[in-house]
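Before any comments, here is the structure.
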Amino acid sequence: MNFDIALLLIQDGIVNGALYALLALALLLVFAVSRVMFVAQGEFVTFGALSLAVLQQGSMPGTVWLLLILGGLAFLADLAVAWKTKRWEGLRGSALLNLALPILLGGLAYWLAPLKPPLAVQVILAVALVVPLGPIVYRLAFQPLANASVLVLLFVAVAVHYALLGLGLLFFGAEGWRTPAFTSFRVSVGPMLVSGQSLLVIGSSAVLILLLTLFFNRTLWGKALRATAVNRVGARLVGIRTEAAGRLAFALTALFGALSGVLISPITTIYYDTGFLIALKGFVGTAIGAMVSYPIAALGALFVGLLESFASFEASALKEVIVFSLLIPVLLWRSLKTHHVGEEEEE
Amino acid sequence: MTAMLEARDLAVAYGKVEALHKVALTVPEGQIVTVIGPNGAGKTTLLAALMGLLPAKGAIAYQGQSIVQLPTEERVALGLSLVPEKRELFAPMSVADNLALGGFARYRQGARDLDAKRAKVYERFPRLLERADQLAGTLSGGERQMLALGRALMAGPKLLMLDEPSLGLAPRIVQEIFRIIVGLKDLGVSILLVEQNARAALEVADYGYVLEMGEIALEGPAGDLAQNPRIVETYLGLAEGH
């Protein structure tokens with residue numbers, strides 16, 4: 001390996017690492033707020049990427065059907081609860097989120113897709129189609145289990161992963177998609193030729209991470225999410241509904257997933273099952289941050305990107321093995337460093 | 001006088017063990033009502049049930065409206081606030097943020113006066129203003145209690161429930177906390193005060209209940225209870241040393 005190749009690998013690693021960082025932060029956010037180790041995060045990546053690819057063909061993506069069906073189920077679930085408790089107040093909000101919004105977005109996609117709108121509109125539409133899936137999946141799979149243990153929630157997340165994976169195969173088919181680069185812009189930095197797409201990925205990730213930080217530190221809703229993560233009872237006592245916090249966290253995680261998918265689709269060919277592996281690498285970053293630290297998770301994810309990039313050059317057949325083997329020393333180091341705490345420990 | 005809060009036949013069970021049995025309790029508007037009793041009598045359970053943190057059987061009416069079905073968050077939005085025994089602060093967040101979040105229920109209902117409300121809390125607890133940027137987890141016991149109280153006040157409660165506000169605090173701070181409680185009553189807030197420090201509680205309260213083994217053993221105007229020989233012997237005799 002010479003210097004030029006190393007530079008190229010570093011560039012590659014940083015681009016992938018930036019995307020893994022987005023996913024690591026989203027995973028951490030969902031875990032902190034709802035205690036769900038959200039294995040199905042990768043499906044949001046896939047749906048974002050494939051929705052954009054299908055829109056670029058001028059067709060309506062299958063995400064619309066997914067949204068309509070799951071939204072309808074979520075509304076029925078709310079209806080059943082309202083029927084049982086005879087409390088109807090929450091139903092209007094549920095109808096808006098689970099019925100009206102999917103129908104509106106579906107209509108938009110149906111109308112806009114054949115017109116082949118500009119790329120920016122396609123990107124926004126693709127992401128907008130995925131984001132409501134976050135709260136809807138939360139409503140269907142996790143909200144009824146608010147008091148379950150972390151382990152049960154993990155199993156449910158695995159089940160959700162397989163369900164969404166199957167639905168992805170049904171609605172998008174088995175072939176791989178790759179979207180054209182957002183920009184053909186290239187710039188040389190020293191000896192290195194940096195593509196506009198790489199800069200776009202790194203820049204977007206940085207902006208999104210900054211926005212998330214501002215959201216957490218400057219807005220009351222952001223602080224409410226942190227409060228829920230820190231002390232569930234305290235949060236309820238000031239009027240923060242655990243379900244509302246969960247919905248918001250899942251919407252954010254779907255947003256981050258879909259955006260990563262849209263950003264990665266010109267770099268990698270995406271199949272219906274590609275997202276899982278991508279999100280898993282984000283998870284390694286989260287594990288390096290011990291499931292608590294946002295900055296360490298982001299840096300850990302960046303490191304995973306770099307490691308993967310060098311591994312794929314040196315031993316391409318073993319690159320996944322090398323990346324995921326990283327978990328073992330990380331977990332050993334983490335468990336030796338911190339004393340064991342029970343999951344229900346408070347304060 | 002209308003009742004702020006009225007509980008009838010209130011029962012809470014942990015599995016098959018009944019922690020509260022047919023408790024009846026009334027908090028009249030604008031008064032301080034205290035519940036005293038030994039450790040493990042079910043005082044904290046009673047407050048948790050009234051706040052909706054534990055599922056309860058029986059009737060709970062708040063300003064004449066049944067709230068027994070409502071989740072905790074909606075009871076907060078209606079004007080009930082609990083300062084729990086464990087304080088339940090947001091330890092890694094600043095004092096200012098803890099207070100701001102105290103107003104979350106009102107913020108969600110459209111109120112945008114959180115800064116003004118917080119300024120009022122700072123007026124009442126100047127100590128919290130000095131500590132505004134400090135993390136809640138680094139405060140002393142007395143400051144934590146003030147923060148918990150301040151956070152509850154941010155919700156603009158009509159009924160404030162306090163669980164052992166004097167627990168683990170130095171006598172001088174206990175006095176200050178009780179002075180603040182009386183001050184809140186003068187502002188028209190109804191108060192349900194659970195205390196082991198029966199002497200201090202009966203001094204400030206209008207009416208008192210004695211909870212023993214999950215049942216109301218005795219009730220009456222606070223002045224009468226303070227004279228009752230059984231109360232004096234069981235709860236007041238030792239309170240001097242606290």
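Each chain gets a letter, A, B and so on, in the order its sequence line appears, and its residues count up from 1.
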**OP:** Quick one: do B:F104 and A:W221 satisfy ring-ring contact (aromatic ring centres under 6.0 Å, His included)? Show the steps, please.
**Re:** CA-CA 8 Å; B:F104 186 82; A:W221 271 100; 5.0 Å; yes
Whether over 12 other heavy atoms sit under 6.0 Å from [X] [atom1]:
{"X": "A:R92", "atom1": "CZ", "answer": "no"}
{"X": "A:F215", "atom1": "CZ", "answer": "yes"}
{"X": "B:D133", "atom1": "CG", "answer": "no"}

**OP:** Dump the intermediate steps for side chain to side chain contact (heavy atoms under 4.5 Å, CB included) on B:E73 and A:T242, then the final yes or no.
**Re:** CA-CA 9 Å; B:E73 302 83 2; A:T242 313; 4.2 Å; yes
Under 4.5 Å from any heavy atom of chain A, what part of [X] do you find: side chain, backbone, both or neither?
{"X": "B:R108", "value": "side chain"}
{"X": "B:L114", "value": "side chain"}
{"X": "B:A77", "value": "neither"}

Original post:
Which pair of heavy atoms, one from B:A105 and one from A:G239, lies closest together, and at what distance?
Top reply: CB-CA, 4.2 Å
Original post:
So which heavy atom on A:R87 is nearest to which on B:P71, and how close?
Top reply: NH1-CD, 3.8 Å
**OP:** Under 4.5 Å, heavy atom to heavy atom: which of residues 32-56 of chain B reach chain A? Give them by number, or say none.
**Re:** B:M51, B:G52, B:L53
Subject >> Partner chain B: residue of A:V238, A:L237, A:T85, A:N217 with the largest heavy-atom pair count (under 4.5 Å) >> reply: A:V238
**OP:** Taking the side chain as every heavy atom from C-beta outward, state whether A:V230 and B:P92 have any pair of such atoms under 4.5 Å apart.
**Re:** yes
Original post:
Mind checking whether B:L101 and A:L220 have side chains closer than 4.5 Å, heavy atoms only?
Top reply: yes
Subject >> Step-by-step salt bridge (charged side-chain N to carboxylate O under 4.0 Å, His left out) determination, B:E88 to A:R236 >> reply: CA-CA 10 Å; B:E88 308 288 5; A:R236 296 190 64 194; over 6 Å; no
